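First the structure, in the form of structure tokens, and then the observations on it.
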Amino acid sequence: MSSDNNWKKLGKYYAFFLFFSLPYQIIIYIAGMSNTVGIREAILRSSLWLIPILLLPKYTKKTAGFIALILWAASIVSWSYFYVFGQDFSQSVLFIIFESNPTESREFIESYISIGLITLLLAYTLLSFILWQKLETVTLPLAQKSVTLGLICLLTAWPFMKPLLIQGASWEYSLKKLEERLEPATPWNIAVGYIKYKRVLHNMQKLLAENSNTPPLKDLKNKKYNDKSTMVLIIGESTNSSRMSLYGYPRKTTPLLDEMRDELLTFNNVISPRPYTIEALEQILSFGDQQNPNEYLTHPTLMNMMKQAGYKSYWITNQQTQTKRNTMLLTFSQQTDHQVYLNNNRVQNAQQLDGSVLKPFEKALNDPAKRKFIVVHLLGTHRAYHYRYPQSYNHFKTRDNVPEWVNNDELEEYNSYDNAILYNDYVVSGLIKRLKKESKNSALVYFSDHGEEVYDTKDLRFTGRNEGKPTPAMYTVPFITWLSPSWSKNMNLEQVNTFTNRVYSNSDFIHSWADLAGIEFKTDDVSRSIYNTAFVRRPRFIGNPNNPKSLMNYDELFPSKQYLASKQQEALTWQDKI
Ligand SMILES: [Zn+2]
């Protein structure tokens with residue numbers, strides 16, 4: 001056998017491994033989502049897989065098949081994500097996935113699976129198999145083999161060795177450099193992403209310990225300190241207010257809240273700063289906002305504040321938080337006195353209905369503590385929507401009041417989202433009714449962590465959320481307040497009633513909550529409270545604050561009639577001045 005021929009065969013192995021990284025990198029480069037680094041690293045890092053091929057000459061084809069299985073599995077994740085979202089599968093995406101539980105991830109996959117995606121994956125798999133079949137056993141002469149192995153090892157280790165040996169950098173820094181270089185290439189995107197995630201998680205656990213040492217809010221006064229009081233915060237999930245009849249949607253999706261309309265303060269222009277649960281709540285439940293996204297790490301959170309104000313606190317959640325992979329939600333829940341985790345055994349049961357929060361909620365209401373603060377975290381209308389309601393709530397089945405752009409293939413999902421909202425109406429109104437019955441002096445706020453696009457935007461043909469391609473449906477959230485008569489007396493309710501049109505980003509929520517609770521402290525800012533006469537309207541930013549360039553003014557991006565009118569007014573006033 002000529003050595004030339006062997007080089008050619010080895011070249012085929014290299015091309016085979018390259019197949020799992022390079023085409024993807026080229027596509028995302030063409031789509032403008034990556035620079036050429038991804039392509040370069042795919043070309044360089046794919047050579048690594050030739051090492052076992054050269055070391056095991058007897059089993060070259062089998063070895064290649066085994067490696068290919070790993071590369072194939074990792075790369076179809078990236079391809080699928082790109083197919084569905086039109087975005088690169090980056091580490092931050094991994095973070096979001098690891099923060100969800102396995103059942104949720106399965107539902108997520110189920111809801112995005114389509115004929116197009118399956119066809120693409122089958123074609124990709126078939127092509128991988130054909131390429132593998134074409135491989136032949138390869139044996140290089142010892143000298144050539146040794147030199148090749150040496151070169152590949154050097155090439156692979158170079159990103160690590162260069163800073164360590166030549167630049168005299170630390171071991172840690174050098175490892176980070178290696179990570180950076182490996183990350184674009186399959187399967188390192190997932191492996192490195194996971195390592196980074198674990199690192200963050202470790203910090204989170206440390207953080208919880210540190211949170212207990214966070215200096216308390218200075219000069220905190222609870223004006224209601226001597227009153228017996230119950231405050232309830234209901235955090236919803238993926239509910240877009242424009243799909244609720246309470247907010248004018250033509251389908252009667254919230255009949256029970258509609259019935260209570262006169263007793264509710266229904267704020268109609270509130271958005272979430274981010275379209276993802278964790279990222280949104282990091283701001284909503286802390287002093288963080290789009291300009292200072294990390295305040296939740298360094299300052300007291302809403303849970304800390306309530307404790308400091310003398311409240312006994314509860315966290316009742318139907319979201320899975322108590323997994324081995326601890327989560328940010330777990331950290332927040334652990335900042336309260338008592339936790340009820342309802343979503344533990346979901347392995348056999350995909351349907352985990354929010355109605356399960358009602359019993360533990362009643363129990364918490366019956367706690368004789370003088371001041372109680374109860375957080376209820378719902379699964380709400382999270383996809384896959386048909387899992388979010390019992391069969392008896394399968395009410396919307398036809399095309400009635402469905403926009404004409406929703407086609408027949410999309411109708412079922414469109415309807416199941418409305419059915420999920422109908423069931424959410426039962427849960428939220430049920431919580432309000434129970435509070436009303438039990439408590440004499442109480443306040444309740446319900447909002448959704450973020451919205452959800454379910455064919456709300458004409459011709460977008462998309463359901464879900466995508467920060468890279470925002471639509472109003474992903475951000476507009478219900479925000480309602482219920483107050484007992486004694487509570488509303490203190491609030492000057494008639495005046496607050498005129499505030500419901502206020503343009504508000506929920507990133508400032510902690511200020512509204514403190515104001516509602518009658519909690520004052522040195523650094524509080526009532527101009528950020530939606531309930532306060534001193535309220536000042538501020539620009540509402542959306543986008544990823546870790547990439548400040550991506551921040552956009554929501555009202556400029558999606559100008560409402562109200563916004564345009566106010567701009568016009570500003571221009572007129574300005575003209576008056578000259
Ligand atoms: Zn969410």
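Order of listing sets the numbers, starting from 1, for every ligand and every atom in it. Small disclaimer: the values here were computed from a predicted structure and weren't measured.
Taking the N/O/S atoms of E237 in turn, the shortest distance to the Zn ion (ligand 1) belongs to OE2. Closest approach between the Zn ion (ligand 1) and any N/O/S atom of D449 involves OD2.
Pairs of residues two or more places apart, or lying in two chains, that qualify as salt bridge (Lys or Arg N to Asp or Glu O under 4.0 Å) and include a residue from residues 330-339 are K307-D337.
Using modelled atom types and a 3.5 Å distance limit, the side chains of Y531 and T481 yield a donor-acceptor pair.
The salt bridge (Lys or Arg N to Asp or Glu O under 4.0 Å) test with R274 singles out one residue from E279, E467, E282, and that residue is E467.
Angle subtended at the Zn ion (ligand 1) by T277 OG1 and H450 NE2: 120°, rounded to 10 degrees.
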Check residues 470-478 and write down every donor-acceptor pair under 3.5 Å in which the side-chain atom is one partner and the other belongs to a residue at least two apart or another chain.
| unit_1 | atom_1 | unit_2 | atom_2 | d |
| --- | --- | --- | --- | --- |
| T471 | OG1 | E453 | OE1 | 2.6 |
| T476 | OG1 | N240 | OD1 | 3.0 |
| T476 | OG1 | P472 | O | 3.2 |

